[in-house]
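The block underneath contains the structure these notes are about, expressed in structure tokens.
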Amino acid sequence: MLTRSRRRLAYLFTLAMGGILVTFAFVVYYFLVKERLRVFDQQLKDEAQSYVFEFQYVSEQGQYRVEYGGIPLETFADMVPKGLKYACWYDNLKRPLRINDDICPPQKLVKQGFQTIDFNQFSPNYQQDWLRQITAPIKNGNKQIGYIVVAKSLQPIQENLARSRFYLSLGVPTTLGLIGIVGWFLGGLAMQPTKRSYEQLQRFTADASHELRAPVAAILSNAQVGLLAPEDNSELPRQRLENIVDISKSMSALIGNLLFLARHEGRLNLKDLQTIEIVGLLKRLADEYQLIAEEKKLTIMTEFLSEKATLLADPDLLQQALKNLLDNACKYTPQHGMVKLKLFTQLRRISIQIIDSGVGIPTEDLPHIFERFYRVDTARTRSSGGFGLGLAIAQQIVQAHNGEITVQSKVGEGTIFQVCLPLKKV
Ligand code: ADP
């Protein structure tokens, strides 16, 4: 599924970028043609002008005659300057002045301005050659006396443009190929977070199903054994029902934790945050745990700031995170041990430390303990009723408050969990 999405991403990227590239190539080519033609037309116009100036126009009984150094145009042999295809003269009614000129365009092609025409179209003796032609009126003073039509082969431009087309036709597919490769690579990068979440979700679902299967199986077997008891024996079913109640309670706690994790994913809404005084909150927590600690013969110690410190937080969630850490500290510290709650400030952040003198966590387990369902020693934690979700919940809450949770531990010596949270700006 992920590979299909990646391929799709790469395909769409290539399509979008390719579309832009091809459009861009067309626009560039269009402007190239336009610019080349503009320069070509300007040259043609200049050449036609200088050619026309070499002739004289002699008026004779109201008629004009074109001459070159006293020789009439009609008797002139080859007067086309180098580089031009033809230079033809027409009178005011667009009739050719040199009647047997098979090289000159017919009357219908004499249209004022620039034109692109095929030479072969009106001069079948010549092979196909695209020409650029200019038709300009000849004036003597204010009086128009005829037209001059001058044409030049477009071959140099065509060759030039053919070269440009060749480079474009090579460059565009090559660039498209490169875009495809980059798209595939970027698609992979873009899919990384999705892939991670997908794998996490898969692992989470598998772990959650696994954790729920065991208690369901236990409930079933307890119920079956209870049903098999003889009718006069009410003690056995009762025992089994009590077991079912215990298992159901633990299952309910697990489901509660799972729901909690699902509901509190992501950053907290600023509207839900309150200004809380953290020293007071920690004192109340310490008092609460004093009773639990006494039962386990643990000593609870505190070290707080003398002044008040405030931060923006959801008090219930924050308490839940700290309780998870305190529960663990009490759970994994043997009798006559010590649990300490410490608070200090550090560069506009407050640090809360939960220190215990308990069993500690092996170094190889430290990078994983915040993962959902991760338990250091399954036998040890299962006997204490843990599902491996307490630290994941604590971390999720702290991160939702824009904070950070870290751990240091040494087996046999104890563990320090540190929660850093931003202080409220004053
Ligand atoms: P659980 O609910 O099973 O305790 P947690 O997510 O709270 O799960 O903890 C994960 C693991 O980290 C536990 O299996 C436990 O072994 C270890 N752990 C957590 N806190 C402590 C601690 N204070 N001392 C020693 N081990 C701890």
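Atoms within a ligand are numbered from 1 in the order they appear, just like the ligands themselves. We're numbering straight along the sequence, starting at 1. Hydrogens, waters and symmetry mates are skipped; everything else that's a heavy atom, side chains included, is used.
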Show which atoms of ligand 1 fall inside a sub-4.0 Å distance from at least one heavy-atom site of Leu391.
5 (P), 6 (O), 7 (O), 9 (O), 10 (C), 12 (O), 19 (C)
Checking the side chain of Thr333 only, and the main-chain atoms of Cys330 only, is there a donor and an acceptor separated by less than 3.5 Å?
no
For ligand 1, note which part of Val376 has a heavy atom under 4.0 Å away: side chain, backbone, both or neither.
both
Salt bridge present between Glu35 and Arg38 (N-O < 4.0 angstrom):
yes
Closer than 4.0 Å to some heavy atom of Arg375 - which atoms of ligand 1 meet that?
3 (O), 14 (O)
Check each atom of ligand 1 against the heavy atoms of Tyr374 and keep those under 4.0 Å away; list them by number with element.
10 (C), 11 (C)
Angle between ring planes, Phe370 versus Phe417, binned at 30° and 60°: parallel, tilted or perpendicular?
perpendicular
Per-atom contacts, ligand 1 versus Leu389 - under 4.0 Å to a heavy atom:
6 (O), 8 (O)
Run the contact test for Asn324 against ligand 1 with a 4.0 Å cut-off on heavy atoms, strictly below, and give the result.
no
Pair Asp327, Lys331 - check salt bridge (charged side-chain N to carboxylate O under 4.0 Å, His left out), show working.
CA-CA 6 Å; Asp327 279 342; Lys331 209 156 52 172; over 6 Å; no
Is it true that atom CD of Gln408 has more than 12 heavy atoms of other residues, nucleotides or ligands lying nearer than 6.0 Å?
no
For Ile369, counting its heavy atoms only, list the atoms of ligand 1 lying under 4.0 Å from any of them.
12 (O)
Does some non-hydrogen atom of Gly388 fall short of 4.0 Å from ligand 1?
yes
Out of Asn328, Ile354, Ile416, whose heavy atom sits nearest atom 19 (C) of ligand 1?
Asn328
Crowded around Leu347 CG? As in, over 12 foreign heavy atoms under 6.0 Å?
no
With heavy atoms of Lys331 as the reference, note each atom of ligand 1 found under 4.0 Å away.
2 (O), 4 (O)
Indicate yes or no: does Arg238 engage Glu242 in a salt bridge with an N to O separation below 4.0 Å.
yes
Taking atom types as modelled and ignoring hydrogens, do the side chains of Gln320 and Asp316 form a donor-acceptor contact shorter than 3.5 angstrom?
no
Please could you name the atoms of ligand 1 that Phe417 approaches to less than 4.0 Å, counting only its heavy atoms?
20 (N), 23 (N)
